[in-house]
Amino acid sequence: MTDRRLRADAERSIRSIMEAAERLLGANPAATMEQIAEAAGVARATVHRRFASREALIESMELAAWRELDAVVEAARPRTAPPLVALHQATAAILRIKPGWRFTLAGPVPLGADARAVQEGVMAKCDEVFTRAREAGLIRPDADVAWVRQAYLALLAESAHSAREGADPDALAARLLDTLMHGVAPR
C-alpha cells in the first residue's frame with residue numbers, strides 16, 4: 001500500500017512539475033529549474049531527482065504531450081470510423097488538449113527521440129485518415145495527402161492559438177474541417 005501511495009505521489013509530483021514548467025516556460029522560456037520547483041510547490045531537489053536537466057524535463061513534457069495527443073487520435077478510431085467522424089472527434093479532442101501544452105508543442109519537432117517517434121505515429125494516423133477521405137471522395141482524388149495534412153495542422157494550430165477561453169471545441173472543429181474541406185469561397 002505504501003509503495004502504491006508513493007508511486008501515486010511521485011506521479012502527482014511529476015505532473016505538478018510539468019504543469020508548472022508549462023506555465024512558466026510559456027511566459028518566460030528562460031525560467032530556471034528552481035523557479036519551476038517553487039511554482040510546482042516542490043523542493044528543487046525533487047525536480048532534479050525526477051529530471052536530470054532542464055532538457056530532460058522538456059523532453060518528458062514533450063513525450064507526455066504527444067502521448068496524450070496520440071491517445072485522443074487513437075480514440076477517434078482513425079482506421080475504422082468514417083473519415084469525417086474520425087477527423088472531427090480527433091480535432092475537437094486535440095483542441096481541448098493543445099492549450100494546456102502551448103509551450104511544449106510550439107516546436108516543430110520534439111527534442112527527444114521517444115516524443116519524435118510518437119509524433120511520427122500521430123502524423124501517420126493523420127495521413128491514413130486523409131487517404132481514406134480521398135478514397136471516399138471527400139477530398140479531390142489528386143490531393144497530396146502530405147499537403148492536406150500540412151494545411152490541416154496549420155488550421156489546427158491557428159484554431160488552438162486564437163481560440164477564446166471557453167470556446168466550444170466541437171464548434172471549432174466543425175469550422176476548421178469546413179474550411180479545410182470547402183475553403184472560404186461561396187458554394
Side-chain angles (χ1 to χ4, degrees), residues 7-8 10-23 25-26 50-51 54-136 138-139 143-163 167-177 179-181:
R7 275 184 257 151
E11 286 177 27
R12 276 193 300 278
S13 174
I14 289 168
R15 187 67 187 178
S16 293
I17 293 166
M18 285 198 253
E19 288 172 355
E22 178 65 37
R23 280 191 317 275
L25 294 170
R50 303 287 178 217
F51 306 101
R54 177 186 167 89
E55 185 177 87
L57 170 59
I58 293 171
E59 286 180 13
S60 293
M61 292 165 61
E62 289 173 335
L63 182 58
W66 279 104
R67 282 181 173 161
E68 197 172 335
L69 291 171
D70 184 51
V72 299
V73 168
E74 191 61 37
R77 301 181 353 254
R79 291 171 202 87
T80 58
L84 280 180
V85 171
L87 277 169
H88 179 88
Q89 289 177 349
T91 302
I94 291 167
L95 287 168
R96 284 183 192 92
I97 291 170
K98 213 166 161 63
W101 293 107
R102 264 186 224 285
F103 169 81
T104 302
L105 295 173
V109 178
L111 296 174
D114 291 341
R116 274 196 311 272
V118 176
Q119 180 192 44
E120 288 169 8
V122 171
M123 295 306 139
K125 291 171 190 171
C126 189
D127 288 351
E128 187 173 354
V129 170
F130 285 123
T131 298
R132 290 180 56 234
R134 186 177 60 195
E135 290 166 355
L138 299 172
I139 57 177
D144 176 6
V145 169
W147 176 253
V148 173
R149 175 178 29 96
Q150 276 187 273
Y152 168 77
L153 293 175
L155 288 167
L156 185 61
E158 186 57 34
S159 296
H161 177 73
S162 64
D168 178 14
D170 284 307
L172 285 173
R175 186 175 187 185
L176 182 157
L177 292 173
T179 301
L180 180 69
M181 298 299 194

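Just so it is clear, the structure is predicted and the values come from calculations on it, not from any experiment.
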Given E74 and K125, is the salt bridge (Lys or Arg N to Asp or Glu O under 4.0 Å) satisfied, shown in steps? CA-CA 8 Å; E74 191 61 37; K125 291 171 190 171; 2.9 Å; yes
Chi angles and distances behind the side-chain contact (heavy atoms from CB on, under 4.5 Å) call for T104, L25: CA-CA 9 Å; T104 302; L25 294 170; over 6 Å; no
Please lay out, stage by stage, how R23 and E19 fare under the test salt bridge (Lys or Arg N to Asp or Glu O under 4.0 Å). CA-CA 6 Å; R23 280 191 317 275; E19 288 172 355; 5.1 Å; no
With side-chain contact (heavy atoms from CB on, under 4.5 Å) as the test, would you mind laying out the steps for L57 and M18 before giving the verdict? CA-CA 7 Å; L57 170 59; M18 285 198 253; 4.2 Å; yes
In sequence, state the C-alpha distance, the side-chain angles, and the governing distance for L87 and M181, and then conclude on side-chain contact (heavy atoms from CB on, under 4.5 Å). CA-CA 11 Å; L87 277 169; M181 298 299 194; 3.9 Å; yes
Steps toward salt bridge (Lys or Arg N to Asp or Glu O under 4.0 Å) verdict (R96, D170): CA-CA 9 Å; R96 284 183 192 92; D170 284 307; 3.3 Å; yes
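Using a 4.5 Å cut-off on side-chain heavy atoms (C-beta onward), F51 and I14 make contact.
Note that the CD atom of E120 and the CG atom of D70 stand 12.0 Å from one another [nearest 0.5 Å]. Atom CZ of residue R134 and atom CG of residue D127 lie 9.5 Å apart, to the nearest 0.5 angstrom. Expressed to the nearest 0.5 Å, how far OG of S60 lies from CZ of R50 amounts to 11.5 Å. Interatomic distance, E62 CD to R116 CZ, rounded to the nearest 0.5 Å: 9.0 Å. Once rounded to the nearest 0.5 Å, the distance linking CG of L176 with CG of L155 reads 5.0 Å.
A side-chain N or O of E68 and one of W101 form a donor-acceptor pair less than 3.5 Å apart.
Between R79 and E128 there is a salt bridge, with a side-chain nitrogen of the basic residue lying less than 4.0 Å from a carboxylate oxygen of the acidic one.
Checked against E135 for a side-chain contact (heavy atoms from CB on, under 4.5 Å), the options I139, T131, L138 give a single hit: T131. Considering V73, L180, L172, L177 in turn, L177 is the only one that fulfils the side-chain contact (heavy atoms from CB on, under 4.5 Å) rule with T91.
In plain terms, the two heavy atoms of R132 and P78 that are nearest each other are NH1-O, 2.6 Å. Closest heavy-atom contact between S159 and L95: CB-CD2, 3.9 Å. A pairwise comparison of heavy atoms in Y152 and C126 identifies CD2-SG, 4.0 Å as the closest pair. A pairwise comparison of heavy atoms in L69 and L105 identifies CD1-CD1, 3.8 Å as the closest pair. In terms of heavy-atom proximity, A76 sits nearest to A90 at CB-N, 3.6 Å.
Looking at R149, its side chain never comes within 3.5 Å of a backbone N or O of F130 through a donor-acceptor pair.
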